[in-house]
Amino acid sequence: MQRLPAGDIMVPMTARTRKAQDAEDQHDHDLQRSQPDQSPQIQEAASKRRKPARRTAKGAAKAAKGTAKSAVKTTNKTAAKREMKGPNPAKGAKSKAKAAQATNAAKRESKKTRYLRMHKEYAILCQVYPTPKSALTFSNPFELLIATMMSAQTTDVQVNKVTPELFRRFPTPLALSQANPSEVAEIINSIGFFRTKAQHAVMIANDLITRFGGEVPRTMEELTTLPGVGRKTANVILGNAFDLPGFPVDTHVMRVTKRLHWRSDWNKTKDDPVAIEKEVTAAFEPTEWRDLSHRLIDFGRDTCHARKPECLICPLRDTCPSFGLYI
């Protein structure tokens with residue numbers, strides 16, 4: 001039994017009670033050694049000061065978590081943007097470099113050098129297309145005139161589907177001049193702008209009868225006075241119906257001569273068919289103009305397509321200034 005001061009009550013202590021008391025005393029002793037100069041008030045104040053530090057640590061952890069989320073979100077957005085852009089930036093830079101290289105090469109190429117390259121490339125096209133001819137079906141200048149006028153904004157294949165019946169019903173300028181435009185429109189209604197073209201066909205036939213004795217004129221000036229007949233159509237008639245110099249400039253000729261840099265305005269966005277005709281024909285003999293146009297058109301249809309040119313199998317890939325820009 002432990003003796004207590006007078007006035008205190010004697011409480012028997014078991015081994016378990018004594019062990020707990022000793023632990024509590026040791027805790028108090030350690031606390032006093034670690035904070036020997038601190039009163040209870042000071043200890044309480046210190047405890048309050050330590051709380052914000054704990055809150056700051058929690059806030060830092062929360063901020064770090066938010067930063068991590070933000071980084072992940074930014075990374076996802078960047079990946080999405082790259083996916084939307086499509087091509088690899090490195091690939092785009094490579095294409096731009098090739099375009100710049102082609103531009104610089106074109107600037108350095110003299111007119112004489114360009115003419116030599118044009119004839120070299122045309123010689124290859126002559127081997128690829130030894131016997132070029134018009135894609136339109138016709139048996140006389142009148143039929144070719146009407147068919148060519150109708151081929152505007154329409155493929156030659158579509159025109160060839162409607163002209164046999166048209167010329168069976170109206171085989172001559174006189175017969176067509178007496179036709180009702182609605183009858184003609186009914187026959188050719190599968191091609192674009194068929195009503196307007198039906199009216200032009202009847203009007204052309206009337207002009208041939210009243211102004212040219214029922215014959216198709218043989219000059220550019222006279223042909224272009226007919227309804228719906230422009231310079232391209234007139235060149236088709238001159239070259240294919242009368243074997244006269246004519247260089248039709250259609251969408252294929254414009255595209256191919258642009259990519260081959262056969263003309264000085266190849267880097268302009270808007271094409272001038274008259275200027276193209278003048279500049280390209282200056283490099284060739286007039287007797288070659290018709291077949292030159294046919295070969296460029298065939299090459300544009302077969303290989304040098306508008307959207308996806310087949311550069312890797314192109315017969316002109318070794319000298320084409322635009323090779324590699326569309327791969």
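Nothing fancy with the numbering, it's 1 onward along the sequence. Keep in mind the model is a prediction, meaning the values are calculated, not measured.
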**Q** How about CZ on F193, more than 12 heavy atoms from neighbouring residues, nucleotides or ligands closer than 6.0 Å, or not?
**A** no
**Q** Evaluate the side-chain proximity of S190 to K161: yes if any heavy-atom separation is below 4.5 Å, no if none is.
**A** no
**Q** To the nearest 0.5 Å, tell me how far T303 OG1 sits from L316 CG.
**A** 8.5 Å
**Q** Using a 3.5 Å distance criterion without hydrogens, assess whether the side chain of R295 forms a donor-acceptor pair with backbone atoms of Y122.
**A** no
**Q** Side chains of T257 and R263: is there a donor and an acceptor less than 3.5 Å apart?
**A** yes
**Q** Is any side-chain heavy atom of L208 closer than 4.5 Å to a side-chain heavy atom of P217?
**A** yes
**Q** More than 12 non-hydrogen atoms from neighbouring residues, nucleotides or ligands closer than 6.0 Å to CZ on R317, yes or no?
**A** yes
**Q** What is the distance from atom CG of L226 to atom CG of N206, rounded to the nearest 0.5 Å?
**A** 11.5 Å
**Q** Does a side-chain N-to-carboxylate-O contact under 4.0 Å join D243 and R290?
**A** yes
**Q** side-chain hydrogen bond (donor to acceptor under 3.5 Å, both in side chains) with T219: which residues, sequence neighbours excluded?
**A** E222
**Q** Does atom CD of E310 have more than 12 heavy-atom neighbours from other groups under 6.0 Å away?
**A** yes
**Q** When you compare the side chains of T154 and Q158, does any donor N or O come within less than 3.5 Å of an acceptor on the partner?
**A** no
**Q** Is it the case that the ring center of F247 lies less than 6.0 angstrom away from the ring center of F284?
**A** no
**Q** Is a salt bridge present between E186 and R169, judged by a nitrogen-to-oxygen distance below 4.0 Å?
**A** no
**Q** If you draw a 6.0 Å radius around CZ in R301, do more than 12 non-hydrogen atoms from other residues or ligands fall strictly inside?
**A** yes
**Q** For N189, check side-chain hydrogen bond (donor to acceptor under 3.5 Å, both in side chains) against everything at least two apart and list the hits.
**A** none
